[in-house]
Amino acid sequence: MWLCSISSYKNEWAALIVLFLQLCIYIRVFRSRTRIGFLTEELLKISNMMHADTIQKKKMLKIYIWVYCLFVTSVTVFFEVTLFNIGLITNKQQKLQNSELIPGHLKEHSLAILNCLSTFMSLVGNCFFAKLLGYYCFFCGCMKQFFLHFKWKSKLLIARQDYQRILEIYREMKETMIMIDNFLNFPILISVFNILASLFWYGYSFAFPPNADNVTNMCFSIGFVQYFVLLLITLSPAAAANQAAAMTREFVLSLPGWFPKRYGIIKVHVRREFMHKRALTLWKIYRIDNSLIISAIGSLISYGIVVGTLGSVKNSNNES
């Protein structure tokens, strides 16, 4: 309806595509919602296998989750409603008022519907989006700590000559890592794409603002910082988890050397189950590591320079 009532379509079509992608994420996560609790139980199981204080850990995990959700919700309400809408909804209202496709007696009702929908979409979309990324960051951080703790735990088990326990714990961590990637690789890919698109839009709008309004420029800068933080909490913990998983895999591959009497048996188990490399990915296409973060930021800067150059050339041609 909005596309049919205004004269400029570029920003609206881009927003519609992003909204459609976010809807795909929501459907994918909603259909697999039972895995959320299942993966949490898997983390508690691994913690129990390492003889951690599971009861205390479970209470602390619940506290951390609630604190993060409340923080993200409050930040979203503050930024998206009080700041974002002040600077950008005014522009949409002006387009709606100047539209010739909407009768005059319906414009007032259309403005009210526009304000309600904009606020509702900002709250629902961003709260779900940010909490999904926080959920992913939480699991990646837990897996990183498990992998780092595994080596210390393995040394204690090596002293007891209990190689079976070592392989059992590593098998559980590996399977949990695979489940996380199978469950969230597509939603995280779309989320990263949305984050990069939002970063590009906020950065370009801040560099080439549509008007000189200070509030709008502040909204662009805050939005850029917000999505940049979301990009870091999405990719950085996953890259750290992959790095810790690679170091743990190397330790497991060298495990037969720690048990000379059981060298042949352990080597068979290791070669049969743990030779394949497993890592957190973006839809099985990109392996998440620190270089991916630098590549993504570099691509944004490159596209920004290209678009800015093309825009300046077009403006100079129009003036001439």
Student: Main chain of Ile288, side chain of Asn242: is a donor-acceptor contact present, judged purely on distance under 3.5 Å?
Tutor: yes
Student: With no hydrogens and no angle check, just 3.5 Å: does a side-chain donor-acceptor pair link Asn185 and Thr281?
Tutor: no
Student: Hey, any chance Trp283 and Leu231 share a hydrophobic cluster, counting ILVMFWY side chains that come within less than 4.5 Å of each other, even indirectly?
Tutor: yes
Student: Please report the closest heavy-atom contact between Lys153 and Met49, naming both atoms and the distance.
Tutor: CE-O, 4.4 Å
Student: Taking all non-hydrogen atoms of both residues, which atom of Pro187 and which atom of Leu132 are closest, and how far apart?
Tutor: CB-CD2, 4.2 Å
Student: In Å, rounded to the nearest 0.5 Å, how long is the span from CD of Glu41 to CD1 of Ile46?
Tutor: 12.0 Å
Student: Indicate, with yes or no, if the rings of Tyr303 and Phe200 have centres closer together than 6.0 Å.
Tutor: no
Student: Without swapping roles, check the side chain of Ser254 against the backbone of Phe251 for a donor-acceptor pair under 3.5 Å.
Tutor: yes
Student: Ring of Phe38, cation from Arg35 - is the NZ or CZ under 6.0 Å from the centre and inside 45° of the axis?
Tutor: no
Student: Strictly distance-based, threshold 3.5 Å: is any side-chain N or O of Arg33 a donor or acceptor partner for the main-chain N or O of Phe30?
Tutor: yes
Student: Are Phe186 and Ile285 connected into the same hydrophobic cluster when the rule is that any two of I, L, V, M, F, W, Y join if their side-chain heavy atoms are below 4.5 Å apart?
Tutor: yes
Student: So, the side chain of Lys174 versus the backbone of Glu273: is there a donor-acceptor pair under 3.5 Å, distance only?
Tutor: yes
Student: Please find out if less than 6.0 Å separates the ring center of Phe146 from that of Phe150.
Tutor: no
Student: Can Tyr202 be reached from Ile301 by stepping across I, L, V, M, F, W or Y side chains whose heavy atoms are under 4.5 Å apart?
Tutor: yes
Student: Could you tell me whether Arg171 and Glu168 have a side-chain N and a carboxylate O separated by less than 4.0 Å?
Tutor: no
Student: Taking Ser47 for the side chain and Leu43 for the main chain, is one N or O donor matched with an acceptor at less than 3.5 Å?
Tutor: no
Student: Which atom pair, heavy atoms only, marks the closest approach of Tyr136 to Thr234?
Tutor: CE2-O, 3.6 Å
